[in-house]
S.K.: 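What follows is a single structure, and I will ask about it in a moment.
By convention here, the first residue in the shown sequence is residue 1. No hydrogens, no waters, no symmetry mates; every other heavy atom, side chains included, goes into these values. As the structure is a prediction and not an experimental result, all values here were calculated from the model.
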Amino acid sequence: MTPSARLQTAVARGYTRVTASALGSRQSAVVRIGFSFTWLLFLVREWPHRRELYGPDGPWNWDMAARLIDGNRAFTALMWSDSTVWFEIVYALAIVSSALLLVGWRTRTMSVLFMIGVLSLQNRSIFVGDGGDNLIHLMSMYLVLTRCGQVWSLDARRAGRWADRARLPRDTTGIVLWAVTGTALLWAQLFTGARLFLTADGPLPGLGWGAVLWGLWLVQAGWWFVRRYAPGEPRTVLDVLANVAHNGALLVIMAEVCLLYASAGWYKIQGSRWQDGTALYYPLHLDYFSPWPWLADTMASSGTLVMVLTYGTVIVQVAFPFTLLNRRAKNVMLVLLMMEHLGIAVLLGLPFFSLAVIAADSVFLPTNALRWAEARLGRARGRLAARAVSLPGQRARESDEESPAGTLVR
């Protein structure tokens, strides 16, 4: 085979692979579960302090936030009204959308509502948060483009029940949800101060948030119509477009993680404390980052351990993007990175930052490991279900045997 023929074959094979299926369906499901769980846990933990962080009782009041939004043109639904009731509604919707995205119920709609909740709260008070919040901020937008509910979701279970039907059911729940979200979007654009322009103040140059949200809403309607009334070539075309968007977004997430580690590692190399191996010593003695002072003192008392962990952190972060060329090296490095962030969560008291980074790292988890975990969890769930079914019958038989006068009772 000539070089040109081999090149054409490789291009055709790659084109088929990118358009025929959504790659990394399990990895994208883990990313969905990880980020929705992290954000949900954060919102629930900060429930008593929500008004001080993002609401009317905070030092960064509504007028100050409005002036900032006028300058940076960021999207936030909390600027549509200064009512305390509206703030409570947005915060509650953020919690509900996170929980429903976690279990994979109406994933396409919930991913959009999840994005709106994340952007609304974080852009309302940009001085609250850390690197983990920035990562959730970005990933919430990428998840909208992924087909992250194909496995490990209520959507996947519903699709399995409908797979044998010649024609899909009407899906009344989906229609009602689509109508409610469209009505809410129309109300926001007509009766609030929302800047839902079509060509300005959006996530991309020349594209406004109005075009994005209305476009996603119309795509939902088109997807339902084609699935129900045009299952032939139009459905195939939509599947191809959805697969391309999913695979492109997954590639962006991978590039984002590589950029995160590469920039962090190379910036560390330039620091004198990282060069002499003492950088880890200093945060271990900061009261703000010492939830377990005795544990921090124990680790900081060993100069060798501090040096090994300091150099190891830099080596792992700088080397990770290059290990993607070798599967085994990548898997080993991935384990080390996740252990590093678990250590950050425990030693420095940054659990949400660590959970967000681990959720992003999950995009590189090996498929075989995820299939193994899926099989093990499936068998465990089957045993629990069988036990739950057998116990009532077994107890009934035992009660009949213990009651010789059972016929008299009846």
Side-chain angles (χ1 to χ4, degrees), residues 35-102 109-141 143-144 180-181 183-197 201-203 208-210 212-213 288-289 291 349-356 359:
F35 278 102
S36 58
F37 174 75
T38 302
W39 185 240
L40 175 62
L41 195 62
F42 175 80
L43 293 178
V44 172
R45 192 197 72 168
E46 299 299 341
W47 174 265
H49 315 291
R50 63 192 184 281
R51 294 188 179 183
E52 289 77 10
L53 289 175
Y54 304 109
D57 299 337
W60 191 253
N61 59 38
W62 195 86
D63 292 332
M64 296 170 67
R67 287 197 294 270
L68 180 63
I69 297 300
D70 286 337
N72 61 16
R73 303 296 181 181
F75 174 85
T76 171
L78 290 178
M79 290 292 100
W80 299 354
S81 172
D82 59 353
S83 169
T84 303
V85 175
W86 175 244
F87 166 77
E88 297 291 353
I89 291 173
V90 172
Y91 199 93
L93 286 177
I95 292 178
V96 172
S97 62
S98 301
L100 294 178
L101 183 63
L102 175 64
T109 302
M110 290 306 128
S111 63
V112 177
L113 296 179
F114 175 77
M115 175 190 69
I116 292 175
V118 170
L119 298 182
S120 297
L121 292 172
Q122 291 188 356
N123 289 336
R124 166 63 174 82
S125 299
I126 62 172
F127 302 107
V128 176
D130 51 28
D133 293 323
N134 295 333
L135 198 54
I136 295 174
H137 190 108
L138 294 172
M139 295 300 173
S140 67
M141 292 185 284
L143 281 175
V144 174
V180 170
T181 53
T183 303
L185 185 58
L186 183 63
W187 167 83
Q189 187 150 21
L190 296 180
F191 302 104
T192 70
R195 293 189 180 89
L196 298 180
F197 303 122
D201 300 343
W209 279 108
V212 171
L213 296 179
Y288 186 77
F289 295 109
L350 297 172
F352 299 108
F353 167 78
S354 298
L355 284 175

S.K.: Looking at side-chain heavy atoms only, is the closest gap between Q122 and I136 below 4.5 Å?
M.R.: yes

S.K.: For residues 37-45, tabulate all N or O donor-acceptor pairs below 3.5 Å that involve a side-chain atom, not counting sequence neighbours.
M.R.:
| residue | atom | partner | partner atom | Å |
| --- | --- | --- | --- | --- |
| T38 | OG1 | G34 | O | 2.7 |

S.K.: Identify the heavy atoms of S98 and S36 that sit nearest to each other, and give their distance.
M.R.: O-CB, 3.6 Å

S.K.: What residues form a side chain to side chain contact (heavy atoms under 4.5 Å, CB included) with L350, not counting sequence neighbours?
M.R.: D130, F289, I344, L348, F353

S.K.: Quick one: list whatever passes side-chain hydrogen bond (donor to acceptor under 3.5 Å, both in side chains) with S120, sequence neighbours left out.
M.R.: none

S.K.: If you take all heavy atoms of A356 and G132, which pair is closest and at what distance?
M.R.: CB-O, 3.8 Å

S.K.: Check M110 against S97 and note the closest heavy-atom contact, atom names and distance.
M.R.: SD-CA, 4.1 Å

S.K.: What distance separates N72 CG from L68 CG, expressed to the nearest 0.5 Å?
M.R.: 4.5 Å

S.K.: If you measure from NE2 on H137 to CD1 on I126, what distance do you get to the nearest 0.5 Å?
M.R.: 10.5 Å

S.K.: What residues form a side chain to side chain contact (heavy atoms under 4.5 Å, CB included) with V128, not counting sequence neighbours?
M.R.: L53, Y54, S125

S.K.: Tell me, do L93 and I116 make a side-chain contact under 4.5 Å, heavy atoms counted?
M.R.: no

S.K.: Holding to side chain to side chain contact (heavy atoms under 4.5 Å, CB included), I want the full list of residues that pass it with A184, two or more places apart in sequence or in another chain.
M.R.: none

S.K.: Could you work out, with ring-ring contact (aromatic ring centres under 6.0 Å, His included) as the rule, every residue matching F127, not counting sequence neighbours?
M.R.: W60

S.K.: Before giving the answer on side chain to side chain contact (heavy atoms under 4.5 Å, CB included), spell out for L135 and F35 the whole-Å C-alpha distance, their side-chain angles and the decisive distance to 0.1 Å.
M.R.: CA-CA 9 Å; L135 198 54; F35 278 102; 4.2 Å; yes

S.K.: Got a sec, which pairs hit salt bridge (Lys or Arg N to Asp or Glu O under 4.0 Å) with one end in residues 81-101, sequence neighbours left out?
M.R.: R50-E88, R51-E88

S.K.: Go through the structure and list residues passing side chain to side chain contact (heavy atoms under 4.5 Å, CB included) with T192, not counting sequence neighbours.
M.R.: W80, W187, A188, A194

S.K.: Can you tell me how far apart CG (D133) and CZ (F352) are? Round to the nearest 0.5 Å.
M.R.: 9.5 Å

S.K.: Output all residues satisfying ring-ring contact (aromatic ring centres under 6.0 Å, His included) with W209, sequence neighbours left out; order by chain, then residue number.
M.R.: F75

S.K.: Which pairs count as salt bridge (Lys or Arg N to Asp or Glu O under 4.0 Å) when at least one residue sits in residues 54-72, sequence neighbours excluded?
M.R.: D70-R195

S.K.: Could you tell me whether a side-chain N or O of Q189 sits under 3.5 Å from a main-chain N or O of G210, the two making a donor and an acceptor?
M.R.: no

S.K.: Quick check: closest heavy atoms across A94 and L121, and the distance to 0.1 Å?
M.R.: CB-CD1, 4.1 Å

S.K.: Could you give all pairs that pass the salt bridge (Lys or Arg N to Asp or Glu O under 4.0 Å) test and reach residues 114-124, with sequence neighbours left out?
M.R.: none

S.K.: Under a 4.5 Å cut-off applied to non-hydrogen side-chain atoms, are M141 and V118 in contact?
M.R.: no

S.K.: Measure the spacing between CH2 of W62 and OG of S83 and express it to the nearest 0.5 Å.
M.R.: 11.0 Å

S.K.: Heavy-atom distance under 4.5 Å between the side chains of V112 and T181, does that happen here?
M.R.: no

S.K.: Kindly compute the distance separating CG (L196) from CG (L185), expressed to the nearest 0.5 Å.
M.R.: 6.0 Å

